[in-house]
Amino acid sequence: MYAPEVDRSEMLRYAGFAGGVPDEATARRAGAMTDVCLREARPAWRYALLDLAFDGGTPVLDGAPLPGRDIARHLQGAQRCAMMAVTLGLGAERALRAMQQRSMADALLLDAAMSACVESAADACCRDIAHDAGASGLYVGARFSPGYGDLPLSMQRAFERALDMRRTLGISMTDGCLLIPQKSVTAFVGLYPQRPSRAEGGCDLCPARNNCAYRRTGGACSRPRRSDSREGEC
């Protein structure tokens, strides 16, 4: 059974301490908010490995075309594609909303802890995908989510149809296709016959690339993923 994890350095980066060290009082509050996150988060995920084809360069996943040039470039060379959804659950959502009513400073740290936690859960989901894909001799590539690059946020609806997210994970959507609970992630993951040479995507596809605090300090929001012989770059 997967236990929630919070990478402290990732949490502090999400909270705005990129490359910096918080003062002692902030570090104590960060520890307390990490404890809240670990107590309230109930990470869960679901995924499906689907057939992938290309029609004139457009990726067609299980019979449905994926719109946009960026997802086409991202999945180039893939033989199959996974659709994944990950959430921390409604308990984490309620805890964050309650903290926002009590202390916005603590809420910022709790939000950062939960962002790091859902990323760790997404990594764990990718390891499961890698295990299943490895049985067919395939490697996983990087995650690519709706709203990234020119892939429209409305593609969230495809995840609801493919994964039945409301019933299986308790994930619903607003009219604007934002996920509820907010600490939820959906992504496409290409499955390749050879280990991908690099993580696809990155700053070139990011809609925030021209106004990014990480890039201004010479960094990036991506981070190395733990991997094994089949995990690749997910």
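Small disclaimer: the values here were computed from a predicted structure and weren't measured.
- Taking the six-membered ring where the residue is Trp, the centroids of Phe188 and Phe159 are separated by under 6.0 Å.
- Around atom CG of Asp23, more than 12 heavy atoms belonging to other residues, nucleotides or ligands sit under 6.0 Å away.
- Taking the six-membered ring for Trp and thresholds of 30 and 60 degrees, Trp45 and Tyr2 have ring planes more than 60 degrees apart, a perpendicular arrangement.
- Residues Gly77 and Pro193 come closest through the heavy atom pair O-CD, 3.6 Å.
- Taking Ile, Leu, Val, Met, Phe, Trp and Tyr as members and joining any whose side-chain heavy atoms lie under 4.5 Å apart, directly or through other members, the hydrophobic cluster of Leu153 also contains Leu178.
- Remark: Met155 CE to Arg157 CZ distance equals 10.5 Å, nearest 0.5 Å.
- Among pairs with a residue in residues 81-91, those fulfilling side chain to side chain donor-acceptor pair (under 3.5 Å) read Thr87-Ser184, at least two apart in sequence or across chains.
- Nearest heavy atom pair, residue Ala95 against residue Glu40, reads CB-CG, 3.7 Å.
- Salt-bridge check for Asp111 with Lys183: passed, with a basic side-chain N closer than 4.0 Å to an acidic carboxylate O.
- Residues Asp128 and Tyr47 have side chains in contact (heavy-atom distance under 4.5 Å, counting atoms from C-beta outward).
- With Arg46 contributing its side chain and Leu163 its backbone, the two residues share a donor-acceptor pair below 3.5 Å.
- Taking CD from Glu93 and CG from Leu179, the interatomic distance works out to 10.5 Å, rounded to the nearest 0.5 Å.
- In terms of modelled atom types and a separation under 3.5 Å, the side chain of Ser120 and the main chain of Ala116 share a donor-acceptor contact.
- Between Leu109 and Thr26, the shortest heavy-atom contact is CD1-O, 4.3 Å.
- For the atom pair Tyr192 OH and Cys81 SG, the distance stands at 8.0 Å (nearest 0.5 Å).
- Atoms OG1 and CD1, on Thr186 and Ile171 in that order, are 8.0 Å from each other to the nearest 0.5 Å.
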